[in-house]
Amino acid sequence: MLKGHRTWVFANKPVIIATAAVGGPFEANGRLAEDFDLLHEDLWLGEESYEKAHRVLIEEAAFQAMEKAGLEKEKVQFLIAGDLINQMTPTNFAARTLGMPYLGVFGACSTSMEGLALSAFITNYGGADYILTGASSHNAAVEKQFRYPTEYGGQKPPTAQWTVTGAGVAIVSPKGDGPRVTAATIGRVVDMGLADPFNMGGAMAPAAVDTIEAHLRDRQIDASYYDLIVTGDLGRIGRQVSLDLLRQHGIDIDEERYQDCGLLIYRDGQPVLSGASGAACSAVVVYGHLIKRMRRGELKRILAVATGALLSPLSFQQNETIPCIAHAVAIEYGGEA
Amino acid sequence: MAARQPFPGFAEIHKTNGLMEMKKWWLAAVAAIIATSGCAKEETEQKQSLQRANLLRTHTSGTAKHAELNQGPAERAVAYLRQRDDVRDVVAVNSGDRLLVAYQIPHMKRWSRKQIEKDIDHKLRDMFPGYDVVSSSDLKIFWKTKELKANMDNPRWDERKFNQEIRRIEKLSKEQT
Amino acid sequence: MANEKRKKLTPVQQEYHLFEKERETKRPIVRNCVCAFLVGGIICTIGQAISYFYMYFFDFTEQTAGNPTVATMVFLSMILTGLGFYDRIAQFAGAGSAVPVTGFGNAVISAAIEHRTEGFVLGVGSNMFKLAGSVILFGTFSAFVIALVKTIATQWGGL
Amino acid sequence: MLAMFFWAFVVGGLICVIGQILMDVFKLTPAHTLTILVVVGAILDGFGLYEPLIDFAGAGATIPITSFGNALVHGAMQEAEKHGIIGVLTGMFEVTSAGISAAIVFGFIGALLFRPKG
């Protein structure tokens, strides 16, 4: 049901019955290593190319989630997923392996919540019994496409971010036990004219602020309604900028309750500069870490705002600025749910 | 590493033992290269200081022992270059109508190396009109000429061999990049 | 250049630019310059040692020792790139490892390694110069123009 | 010889600092920075200023990418002196060939031996 301008409130509250997160070697050294279902110590995952390794990440996460939910892959009606590589081939090939009816979605690093919002919408209206949704990225494959060859010695400025290697998926169903998706706000493209591909956090912050504001306004709730508002991959700079922007717009958020997936995933000592990014960043943190915390009862209501920078190497080279987007999904567990 | 639950029949954690082996091998190779180049440098310096001693000796004892190799012109060239303030070190040999002069320019004057070279070449040609003069400020030529001079006392060296060596150095000095 | 770009933006965008700039982590320029100086200097010193090595043990003069030295440096760059060290050094050294010829070698070699998965002809062959190509292009073209002007000036300038 | 090492270190280091400033202050990509340095090297040689720098600093001037531009001009000029204007075109890679051919050969060998580590 549409509420306000661009927020869906789901009357049937679709359930996230199972989630899974797969990570690479860098994530294994990170802060959230315990929350992954599977960690690889080799970036290649034994495959011939990084793109193939990327595909394997998605497949593994999907199989893990289905096993946890006790589902055969034939029982899952739809797969809604995406990644960052050209034409989304890793996800396409994973969909070939999985053999499910498939909707490929692209929202850059906001793909995870875009997929979750769509899945919740479809299941809420009886469109499916089970939908598998997720997002993934592979550090080396993404670097290869968006930046330089992985072994190229180009110094990254302190504003740069580290692309997460991993995949996070969730299975959404109209019934079952687990955290429930209660609302979702679809973001619009916001472009504040920043053009530095090594400062994505700064570029994406206004998009996150725009979506958070719209969400709170549409639902007519206060920021304190949520135990945690978590942004996708704004990093250190983006988080600070968005926090200040929100305050400037009169939305007071407790700093403790405003976190960023890109800052949660790694340890302080890891050389990630401004934080993590990538489509997998919000996916593995929400589906791996936060859903687990909700199940443990530590968090009751969270708002996950995945942010995406909709650029390509081509658009950057043609001096285009970076258009950004953010999608917000409210997940609640316990209490009145 | 934590939280690894291999999925039966599907997921496998791929170890990188083979790669590690290779890494070790390469490291050893790199270490060897560094070690050898380090030694080489040391040797260079040692040898050079030895040569300096040699040069001193040949200089004081005089090189005119061999009647067929009268080093008069070479000594005159050395004497001339020694008094120039844009020459730090000099060594010269002559044989027949060939005069080979190698010198080093003080480092801060190397900026105008080309002009100094040209100037010295002109001056030497004027001083020794009957000679085919080859002069160079190149370090390699300097080393070679020194070596040659040190070998002059070697009884096994005859004039033919000596001339051959001079021609070789000459060719070297004319080589361009 | 940055200012020109900014002029095209709407006032709201301009305001955000300033807002964001204030909160941006500044590049540690002084630290980067010191690191670049040290690492760049060390690489050049190693180059000097290698060229003395060639001069001492082989028949190379100061003039001709440059070629084998450059080749050796590119070889060392290949080893470091292949073992995955060069990009680590570069994150610390910045231009200190990019400007020396080892950086040129790294640009070629990293691209060659990276695109090996696309095959040797279409991958390695056609991507090898995707980073270093611009250096070769502009180096060659500017050298052509300069040499042409100089030659014309010396040949017909005297007329 | 010690003086040579010292000045190679200082001059090489300073050229790298110029590169770093281009990258950090003017926010140029590494590719732009290196391109500018190569062109600067070529221009300096056009005015006959790069050779003295090489004489003075040795590898401090030959190892940075600026020497690439210098060598290109040098090769072209050498040939031009011998064969006139056509030499400009034919002599270009005479001197630089070592750097480029080494990069090509070792690049290919690298691709045969290594995989990117990520």
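By convention in this document, chain letters (A, B, ...) are assigned in the order of the sequence lines, proteins followed by strands, and residues within each chain are numbered from 1.
Note on C/Ile109, C/Val70, C/Ile113: by heavy-atom pairs under 4.5 Å with chain D, the leading option is C/Ile113. Among the candidates C/Ala143, C/Gly40, C/Gly103, the residue making the largest number of heavy-atom pairs closer than 4.5 Å to chain D is C/Ala143. Between chain C and the residues D/Gly19, D/Pro64, D/Ala61, D/Ala98, the largest count of heavy-atom pairs under 4.5 Å involves D/Pro64. Between chain D and the options C/Gly84, C/Pro68, C/Gly82, heavy-atom pairs under 4.5 Å are most frequent for C/Gly82.
D/Leu34 contributes atom CG, which lies 11.0 Å from atom CZ of D/Phe68 (distance to the nearest 0.5 angstrom). Summarising the geometry, atom CD belonging to C/Glu62 is positioned 4.5 Å from atom CE belonging to C/Met55; distances are rounded to the nearest 0.5 Å.
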Check your understanding: Going through the distances and angles, do C/Tyr52 and C/Phe60 end up as a ring-ring contact (aromatic ring centres under 6.0 Å, His included)?
Key -> CA-CA 9 Å; C/Tyr52 275 144; C/Phe60 288 108; over 10 Å; no

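Residue D/Thr33: no heavy atom, backbone or side chain, is found under 4.5 Å from chain C. When heavy atoms are compared at a cutoff of 4.5 Å, C/Asn106 does not approach chain D at all. Contact of C/Val135 with chain D is made through backbone and side chain together, with heavy-atom distances under 4.5 Å. C/Phe129 touches chain D through its side chain: at least one heavy atom from C-beta onward sits under 4.5 Å away, while N, CA, C and O do not. Heavy atoms of D/Ile36 lying under 4.5 Å from chain C are absent altogether. With a threshold of 4.5 angstrom between heavy atoms, C/Ala111 does not approach chain D through any atom at all. Proximity to chain C is absent for every atom of D/Ala71, based on heavy atoms less than 4.5 angstrom apart. There is no contact between C/Ile46 and chain D, counting heavy-atom distances below 4.5 Å. Of the atoms belonging to D/Leu14, heavy atoms from both backbone and side chain fall under 4.5 Å from chain C. Neither the backbone nor the side chain of D/Phe6 comes within contact range of chain C; no heavy atoms are under 4.5 Å apart. In this structure, chain C has heavy atoms under 4.5 Å from both the backbone and the side chain of D/Ile43. Contacts of C/Ile29 with chain D are made by both backbone and side-chain atoms, with heavy-atom separations under 4.5 Å. In this structure, no portion of C/Leu137 lies under 4.5 Å from any heavy atom of chain D. Heavy atoms of D/Met92 lying under 4.5 Å from chain C belong exclusively to its side chain.
Of residues 44-54 of chain D, those residues with a non-hydrogen atom less than 4.5 Å from any non-hydrogen atom of chain C are, in numerical order, D/Asp45, D/Gly46, D/Glu51.
Residues C/Val108 and C/Ala132 approach most closely at CG2-CB, 3.5 Å, considering heavy atoms. The minimum heavy-atom distance linking C/Ile43 with C/Pro100 is given by the pair CG2-CB, 3.7 Å. In terms of heavy-atom proximity, D/Glu79 sits nearest to D/Thr90 at OE1-OG1, 3.7 Å. Nearest heavy-atom pair, C/Gly105 versus C/Val74, reported as atom, atom and distance to 0.1 Å: CA-CG1, 4.3 Å. Scanning all heavy atoms of the two residues, the minimum distance from C/Ala95 to D/Gln20 falls at N-OE1, 2.7 Å.
Listed for the C/Lys26 side chain is a donor-acceptor partner under 3.5 Å among the backbone atoms of C/Glu24. Under a 3.5 Å cut-off, the side chain of D/Thr66 and the backbone N or O of D/Gly41 do not form any donor-acceptor pair.
Figure legend: cation-pi geometry between C/Arg23 and C/Phe19, with NZ or CZ positioned under 6.0 Å from the six-membered ring centre and within 45° of its axis.
Judged as a side chain to side chain donor-acceptor pair (under 3.5 Å), not a single pair has a partner in residues 139-152 of chain C (not counting sequence neighbours).
Counting heavy atoms from C-beta outward, D/Gln78 and D/His74 have side chains that approach closer than 4.5 Å. You'll find the side chain of C/Thr102 stays beyond 4.5 Å of the side chain of C/Leu76, heavy atoms only.
Each of C/Thr45, C/Thr69, C/Ile50 was checked for a side chain to side chain contact (heavy atoms under 4.5 Å, CB included) with D/Ile63, and the lone residue meeting it is C/Thr69.
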